2 protein chains.
Amino acid sequence: MTTTTKHLPADERKAITVVTVIELAGRRNPGEITTAAIAQQMGLTQGALFRHFPSKDAIWLAVMEWVAGQLLARVEQGARHAKTAFAALDAIFTAHLDLITTCPGIPRILFHELQRAEDTPAKGVVRALITEYRKQLITILERGKINGELANEINVSAAAALFLGMIQGLVMQSLISGDPEHLNRMSSEVFTLYQRSIRKTT
Amino acid sequence: MTTTTKHLPADERKAITVVTVIELAGRRNPGEITTAAIAQQMGLTQGALFRHFPSKDAIWLAVMEWVAGQLLARVEQGARHAKTAFAALDAIFTAHLDLITTCPGIPRILFHELQRAEDTPAKGVVRALITEYRKQLITILERGKINGELANEINVSAAAALFLGMIQGLVMQSLISGDPEHLNRMSSEVFTLYQRSIRKTT
DNA sequence: TATGTTAGTAATTAATTACTTACTTAAGGG
DNA sequence: CCCTTAAGTAAGTAATTAATTACTAACATA
């Protein structure tokens with residue numbers, strides 16, 4: 001029996017808050033997620049949230065840190081356990097899309113935070129996330145050049161940008177079609193094209 | 001002398017409203033643009049806006065129609081005056097980035113509208129825009145296959161998705177870096193990669 | 001010039017929002 | 001077993017927002 005007590009330790013409550021926000025972001029505009037909506041989804045009163053977070057921005061910060069952690073962990077694991085550069089890129093691509101498929105709210109949250117005009121701490125976390133992601137990609141791409149997998153003339157910075165754009169494009173397409181299955185159907189075809197764009201042509 | 005009277009004909013006032021919103025979206029989060037802010041930027045009182053638009057959503061609808069018109073006009077022109085498929089894609093790519101550079105608010109507006117949960121009329125316009133854009137791209141790509149410019153084995157639907165993703169990726173990168181110049185520096189390098197992804201390898 | 005219409009103002013309204021406060025309840029260690 | 005304290009409730013508050021209202025100035029034209 002899961003003793004569903006009302007009072008939870010702070011750490012646990014914080015963790016639940018984060019996943020609740022991500023779940024809500026999968027269904028509605030992140031900018032329109034109110035503290036009242038978060039609380040209701042958790043079966044809590046609105047005021048209770050402010051026992052654990054000093055402000056709404058603090059909630060967003062916690063969410064971003066969780067997302068960044070999840071995504072970077074997958075990227076790093078993909079980068080580590082792969083022999084070739086292509087295998088590494090494929091692993092990262094798959095892991096990234098897998099995360100997005102399980103948590104459709106994540107790309108929406110990231111987009112929304114980047115749109116904000118103010119330089120919030122949460123935005124800083126997103127910026128750091130993308131910067132680190134790019135760095136990992138560039139390392140892999142340069143390794144691929146040395147291996148002879150990739151053409152020497154390609155611009156690795158552009159190749160990293162295209163990699164991220166490829167994922168974004170897939171996300172946008174599924175946002176438009178409203179069909180999350182769209183993502184899985186298209187992804188392998190698009191990745192094939194990406195490989196063509198950087199591979200060495202013998 | 002440009003008689004800067006206060007009273008303007010409705011059509012003119014509507015047009016000014018649209019460009020004002022786009023200009024504001026370049027500097028702040030589209031979701032946080034209030035009717036008061038729009039009015040202030042136009043040198044008008046807030047209530048006056050509702051003489052010309054029945055609701056705020058109607059303002060967004062007008063903005064989307066204007067954006068869609070601008071973008072599709074450029075796409076179609078790019079498609080028309082080009083001899084080869086690659087030339088057409090290049091023309092569209094350049095025209096699209098040019099529009100974004102002059103009006104940085106446009107991609108932000110489109111992203112924001114796609115994020116919204118409700119199915120607003122404005123969102124419908126965006127959906128139609130992207131659908132038509134994709135259709136044009138696919139036509140060009142298929143023509144390219146027949147020409148022998150493109151490899152026969154490529155998936156044109158995926159190639160269209162990658163084209164849009166490429167632009168999105170560039171926009172996102174410049175959102176992150178906060179540097180609009182970043183876009184121009186990177187764009188040609190990324191487009192080179194895109195060409196590699198679809199061209200026939202002899 | 002008289003008259004009807006369009007476009008404007010200034011003030012107000014109802015709803016919503018993040019955040020606060022005063023009080024209550026449940027945990028759990030000495 | 002009690003008592004401190006962390007966690008939760010319920011009812012606020014001040015600020016902001018889209019939309020409305022009653023009124024006025026500018027324009028068109030017969």
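These numbers come from the heavy atoms of this one structure, side chains and all, not from hydrogens, waters or symmetry mates. The structure presented is a predicted model; accordingly, all values stated were derived computationally and were not measured. Every chain is numbered from 1 and lettered A, B, ... according to where its sequence line falls, protein lines coming before strand lines.
Considering only side-chain atoms of B:Gln46, the nucleotide from C:dT9, D:dA10, D:dA18 that sits closest is D:dA18. Taking only side-chain atoms of B:Leu44, from C-beta outward, the nucleotide of C:dT9, C:dA18, D:dT20 with the closest atom is C:dT9. Comparing atom distances between the B:Thr35 side chain and each of D:dT9, D:dA18, D:dA19 picks out D:dA18 as nearest. Considering only the side chain of A:Phe50, C:dT20 comes nearest among D:dT9, C:dT9, C:dT20. Closest to the B:His7 side chain, of the nucleotides D:dA26, C:dA11, D:dG12, is D:dA26. Distance from the side chain of B:Arg51 is smallest for C:dG8 among the nucleotides D:dA18, C:dG8, D:dT9.
Under 4.0 Å is where a charged nitrogen must lie from a carboxylate oxygen, and between B:Arg27 and B:Glu23 at least one such pair does. A salt bridge links B:Glu113 to B:Arg116: one of the charged nitrogens lies within less than 4.0 Å of a carboxylate oxygen. Under the 4.0 Å criterion applied to side-chain N and carboxylate O atoms, B:Arg196 and A:Glu153 are assigned as salt-bridge partners. Between A:Arg127 and A:Asp119 there is a salt bridge, since a side-chain N of the basic residue sits under 4.0 Å from a carboxylate O of the acidic one.
Taking 4.0 angstrom as the limit, B:Arg13 places none of its side-chain polar atoms (N or O) nearer than this to OP1 or OP2 of C:dT6. For C:dG8, the OP1/OP2 oxygens have a side-chain nitrogen or oxygen of B:His52 closer than 4.0 Å.
For the pair A:Ile59 CD1 and C:dT17 P, the interatomic distance rounds to 14 Å; values are reported in whole Å. Distance CD (A:Gln40) to P (D:dA10): 13 Å, rounded to an integer number of Å. To the nearest angstrom, C1' of D:dA7 lies 13 Å from CG of A:Asp11. Between the CG atom of A:Asp57 and the P atom of C:dT17 there is a distance of 16 Å, given to the nearest Å. What separates NZ of B:Lys14 from C1' of C:dA7 is a distance of 13 Å, to the nearest Å. A straight line from CH2 of A:Trp60 to C1' of C:dC19 spans 18 Å, rounded to a whole angstrom. Atom CZ of B:Phe53 is separated from atom P of C:dG8 by 11 Å (rounded to the nearest Å).
B:Thr20 and B:Gln41 form no side-chain donor-acceptor contact under 3.5 Å, judged by distance and modelled atom types alone.
At a threshold of 4.0 angstrom between heavy atoms, the contacts of A:Thr34 are confined to the sugar-phosphate backbone, with no base atom among them.
In terms of position along DNA chain D, the nucleotide closest to A:Leu49 lies nearer the 5' end than the nucleotide closest to the other residue of the pair A:Leu49 and B:Glu32.
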